[in-house]
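So the structure is just underneath, and the comments pick up after that.
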Amino acid sequence: MKIDPDQSAPPIVSVLSSLFPSWRVGSLLGGYFDCFRGDPTIYERFWRQVGDKTTIIIPGWQSLSYFSDGSNICWFLETEFAREVVRLHKVVGNAVTEGRHIVVGTGSSQLILAALYALSSPDAAEPISVVSAAPYYSSYPSMADYQKSGLYKWAGDAENFDKEGPYIELVTSPNNPDGHRREAMVNRSQGLLIHDLAYYWPQYTPISSPSDHDLTLFTVSKSTGHAGMRIGWALVKDKGVAKKMTKFIEISTIGVSKDSQLRAAKVLKAVSDSCEHENSQYEESFFMYSYNIMSQRWKQLRAVVEAGDLFTLPQFSPAFCTFFGQETEPQPAFIWLKCEGDIEDCESLLREHKIISRSGKHFGASPKYVRISMLDTDETFIQLIDRLSAIQQGE
């Protein structure tokens with residue numbers, strides 16, 4: 001599936017900017033705009049174009065039972081959803097599914113907690129340490145400590161972890177917030193790994209090979225943009241771990257919504273169909289569309305940042321993407337923006353210009369950094385570019 005720059009999707013942001021050259025969305029909304037969260041509304045236009053291909057009708061008599069498949073370890077996993085998960089990974093080539101148990105969860109957030117529970121020992125003398133290399137996903141510390149579990153406890157930056165004994169390392173790749181590919185940092189014999197691959201999809205990073213780990217997490221929210229479905233899945237090699245994860249979900253929510261799973265299955269099917277039938281019933285595949293949109297945004301962002309010396313961005317090297325069959329560049333879902341010079345609090349600087357971001361201190365990094373979402377609407381992205389440019393120009 002080749003990327004043809006001459007056949008890319010229309011440059012939506014440029015089109016809107018040309019139509020509304022004096023557009024200041026912030027003034028229309030009366031102030032601040034929020035780039036704090038990663039709400040993936042960027043893909044709405046694609047799904048509107050798809051139309052009825054993702055529409056489902058659920059009769060009133062359907063989904064009455066708690067059970068989907070009593071013979072399955074994950075007894076609330078809908079067969080149709082599991083089938084489409086396997087198919088999508090095969091189409092994209094980003095994960096090994098053979099020899100894996102699929103555990104469905106209410107988003108990857110629930111699955112992270114389920115995995116921490118499953119990898120912990122109730123007989124341990126003290127809670128197992130949970131670490132991740134900084135800058136790490138800002139919710140990891142609160143996830144590990146919120147319930148003050150006696151099973152596990154947040155222990156900070158994996159690079160500085162020197163405690164002997166067992167530990168759990170969360171490996172996020174591509175990383176949230178900085179977009180870099182990651183490997184395990186601690187690498188000790190008693191380590192247990194959770195690979196959070198929410199962003200290992202072609203629109204964000206080159207697909208180099210299928211991930212082949214003991215416990216891997218994915219989510220619909222970042223792969224297709226359907227965050228409101230609250231559906232994620234784990235690919236688990238060990239049967240006992242899959243059972244314990246299932247037990248955690250059973251205790252906490254007595255399973256996962258069948259309706260959400262059926263809708264997610266329909267969406268994943270549409271994504272796979274668009275990749276296999278591109279240029280026929282689909283004008284372009286979902287991943288071609290999303291890659292082009294992300295590419296356009298990153299080009300515009302870099303042009304604005306490089307026009308001054310106030311901000312800097314991470315640099316990425318292109319790599320061969322097996323999905324597209326050519327070299328592509330990483331284009332992360334988040335901006336990991338650094339304020340240069342004597343500016344020590346980048347979040348405060350941006351807030352003065354009515355941009356709400358998330359400080360680097362929440363990610364175990366310096367407050368000179370902030371995380372800003374790239375996944376919001378075209379209108380919000382125009383405003384972001386507009387305001388960053390104004391800051392650069394000292395307005």
Side-chain angles (χ1 to χ4, degrees), residues 25-26 29 31-42 107-109 112 130-146 154 156-159 170-180 182 196 198-199 204-205 217 219 221-222 225 227-228 294 297-298 300-302 304-305 310-314 316 330-341 343-377 379-392:
V25 179
L29 297 178
Y32 293 89
F33 76 103
D34 186 357
C35 289
F36 186 85
R37 296 173 177 84
D39 202 22
T41 50
I42 183 174
S108 58
S109 297
I112 289 170
V130 179
V131 299
S132 187
Y136 43 72
Y137 177 41
S138 58
S139 291
Y140 285 158
S142 57
M143 283 180 171
D145 286 347
Y146 185 74
W154 178 250
D157 185 359
E159 191 169 4
L170 288 154
V171 182
T172 311
S173 184
N175 190 40
N176 175 0
D178 63 11
H180 288 292
R182 285 280 189 85
D196 185 348
Y199 301 95
Y204 306 121
T205 192
L217 307 180
T219 176
S221 65
K222 298 307 184 292
M294 293 298 296
R297 290 192 175 191
W298 270 97
Q300 290 185 296
L301 174 67
R302 288 198 182 277
V304 168
V305 170
L310 186 59
F311 303 119
T312 54
L313 294 167
F316 304 101
Q331 37 199 35
F334 295 100
I335 307 164
W336 188 234
L337 189 73
K338 183 182 181 184
C339 286
E340 296 293 346
I343 300 172
E344 295 298 327
D345 189 343
C346 199
E347 180 186 28
S348 294
L349 172 69
L350 296 184
R351 185 176 287 272
E352 290 172 7
H353 293 79
K354 299 186 177 182
I355 300 173
I356 301 175
S357 60
R358 188 176 297 187
S359 172
K361 65 185 180 182
H362 298 296
F363 302 87
S366 165
K368 291 180 74 68
Y369 290 90
V370 293
R371 193 196 76 168
I372 301 173
S373 173
M374 287 286 278
L375 301 180
D376 215 309
T377 62
E379 294 85 353
T380 299
F381 184 72
I382 292 168
Q383 186 181 22
L384 173 65
I385 292 297
D386 185 43
R387 291 193 179 181
L388 288 177
S389 180
I391 297 171
Q392 289 269 49

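All of these numbers come straight from a predicted model, not from anything done at the bench.
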How far does [atom1] of [X] sit from [atom2] of [Y], to the nearest 0.5 angstrom?
{"X": "Ile355", "Y": "Leu388", "atom1": "CD1", "atom2": "CG", "value": "4.5 Å"}
{"X": "Ile42", "Y": "Phe381", "atom1": "CD1", "atom2": "CZ", "value": "8.5 Å"}
{"X": "Ile385", "Y": "Gln300", "atom1": "CD1", "atom2": "CD", "value": "6.0 Å"}
{"X": "Ile372", "Y": "Ile356", "atom1": "CD1", "atom2": "CD1", "value": "11.5 Å"}
{"X": "Thr205", "Y": "Asn175", "atom1": "OG1", "atom2": "CG", "value": "11.5 Å"}
{"X": "Leu384", "Y": "Glu379", "atom1": "CG", "atom2": "CD", "value": "13.5 Å"}

Where the side chain of [X] meets the backbone of [Y], is there a donor-acceptor pair that is under 3.5 Å apart?
{"X": "Ser221", "Y": "Ala227", "value": "no"}
{"X": "Asp39", "Y": "Thr41", "value": "no"}
{"X": "Tyr137", "Y": "Leu170", "value": "no"}
{"X": "Ser389", "Y": "Asp386", "value": "no"}
{"X": "Thr377", "Y": "Thr380", "value": "yes"}
{"X": "Asp178", "Y": "Pro135", "value": "no"}
{"X": "Arg182", "Y": "Ala133", "value": "yes"}
{"X": "Lys368", "Y": "Cys339", "value": "yes"}

Check: [Y] and [X] side chains under 4.5 Å, non-hydrogen atoms:
{"X": "Asn176", "Y": "Phe334", "answer": "yes"}
{"X": "Arg371", "Y": "Trp336", "answer": "yes"}
{"X": "Leu375", "Y": "Met294", "answer": "yes"}
{"X": "Val130", "Y": "Met143", "answer": "no"}
{"X": "Ser348", "Y": "Arg351", "answer": "no"}

(message) Can you tell me how the ring of His180 sits relative to the ring of Phe316, calling it parallel under 30°, perpendicular over 60° and tilted otherwise?
(response) tilted
(message) I need the minimum non-hydrogen distance between Gly179 and Pro174, along with the two atoms involved.
(response) O-CB, 3.7 Å
(message) Looking at every heavy atom in both Pro332 and Pro330, which two are closest together, and how far apart are they?
(response) CD-C, 3.8 Å
(message) Just to verify, what does Tyr136 make a ring pair (Phe, Tyr, Trp, His ring centres under 6.0 Å) with, not counting sequence neighbours?
(response) Trp154
(message) Checking side-chain polar atoms at under 3.5 Å, does Tyr140 have a donor or acceptor matched by the opposite partner on Asp196?
(response) yes
(request) Check Val370, Val304, Leu350 against Phe311 for a side chain to side chain contact (heavy atoms under 4.5 Å, CB included) and give me the one that passes. (result) Leu350
